[in-house]
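In the text below, chain A, chain B and the rest are named by the order of the sequence lines, each starting its count at 1. All figures in this text were calculated on a predicted structure; none of them were measured in a lab.
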Protein chains: 2
Amino acid sequence: MSSTQALRPVERSVQDQLAANGVRFTGGRRAVLGVLQVADGPRSAAELQQALAGDVPVSSLYRTLTILEDCGIVVPHHGLRGVTRYELAEWIRGHHHHLVCTNCGAVDDIELDEDTEEGLSKLVAAVAENAGLTPEGHTLEIEGRCRRC
Amino acid sequence: MSSTQALRPVERSVQDQLAANGVRFTGGRRAVLGVLQVADGPRSAAELQQALAGDVPVSSLYRTLTILEDCGIVVPHHGLRGVTRYELAEWIRGHHHHLVCTNCGAVDDIELDEDTEEGLSKLVAAVAENAGLTPEGHTLEIEGRCRRC
DNA sequence: TTCCTTGCAAACGATTTGCATTGGA
DNA sequence: TCCAATGCAAATCGTTTGCAAGGAA
């Protein structure tokens, strides 16, 4: 079957982005992308491996993640205990922030309402200018105990 | 000589805090504290080792950092490539945020003015409550190219 | 003397890399 | 066919831990 035909818009954009870098959109990469698309927060290589039924070697996972990061499809998030978790880039997933559990390290996405986010952006711009630096982005993390902890 | 007499206020508080945990304020711990006091951003174990002239074993450094963290003297910051950097806790260093260079990974401290910080705190409280989580803290990171990059 | 602290080396967990094989355009 | 992609195993890197020696109260 022609997988090109069945592509959803996001996958189409990703495929284009990969193609622009001379990289193929293979089954393994598609699978990782699929998990990240339905995830409610960043995922580590180990978590991805589990989500993918466990028969994917870690080396391939890390290579996939590195490629996707280089192509601007995913971004890394460095959380508790040196574990790196990945999530879809902002142009795919939208801008958002994180709730980080200080106990178990779980990370959940949150979106701020428009007014709040606009206020935050202005704040960031002002502070960055003050520091003589061009802001490329910002991250707000709120720390606390998640419901399970 | 009596080192107790020469203690600056910060060191006095730290000593008290350590004593409350049944922990001594030894030379090694004093040295690490000294480096962090003059640092303009979080420092990793490797960076501390270099700053300390290199003759301190890493295991001791990590143990020192763990102890200081347990006693609430320093807090960890997880940055690029899974490296953990430590900085003095807020009650010593004051509440602040970070400028992170997207190119070289350097982290600089920044302080927001009072109004801005108050606005941010309210925002955090509102968002956290909305998410059913008690906020214990927040981190705002502004990303961009630092002056050198 | 009694613990706390330190040093050294081995152990660990996350991530990376070399190399041979597989697979798609 | 040709080069990217994958699997496996070994290597690396940051960090942790067991154990014996050193030190302060």
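At a non-hydrogen distance threshold of 4.0 Å, nothing from residues 37-53 of chain A comes into contact with DNA chain D.
In terms of the side-chain hydrogen bond (donor to acceptor under 3.5 Å, both in side chains) criterion, residue partners of A:Asp113 (sequence neighbours excluded) are, by chain and number, A:Thr116. Residues passing the ring-ring contact (aromatic ring centres under 6.0 Å, His included) test with B:His98 are B:His77, B:His96, sequence neighbours excluded. Judged as a ring-ring contact (aromatic ring centres under 6.0 Å, His included), and not counting sequence neighbours, the contacts of B:His97 are B:His95, B:His138. Remark: A:Thr66 engages no residue in a side-chain hydrogen bond (donor to acceptor under 3.5 Å, both in side chains) (not counting sequence neighbours).
Between the CD atom of B:Gln15 and the C1' atom of D:dA25 there is a distance of 13 Å, given to the nearest Å. Atom P of nucleotide D:dG14 and atom NE2 of B:His77 are separated by 18 Å, given to the nearest angstrom. The distance from atom CD1 of B:Ile67 to atom C1' of C:dC3 is 13 Å, rounded to the nearest whole Å. Whole-Å rounding puts the B:Asp70 CG to C:dC4 P distance at 14 Å. Remark: P of C:dT6 and CG of B:Leu61 are 10 Å apart, rounded to the nearest angstrom.
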Quiz item: How does protein contact run along nucleotides 17-25 of chain C, one letter per nucleotide 5' to 3', with B for base contact, S for sugar-phosphate only, - for none, heavy atoms under 4.0 Å?
Solution: BB----B--

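The cationic group of B:Arg43 does not satisfy the cation-pi geometry with B:Tyr86, failing either the under 6.0 Å distance to the six-membered ring centre or the 45° limit from the ring axis.
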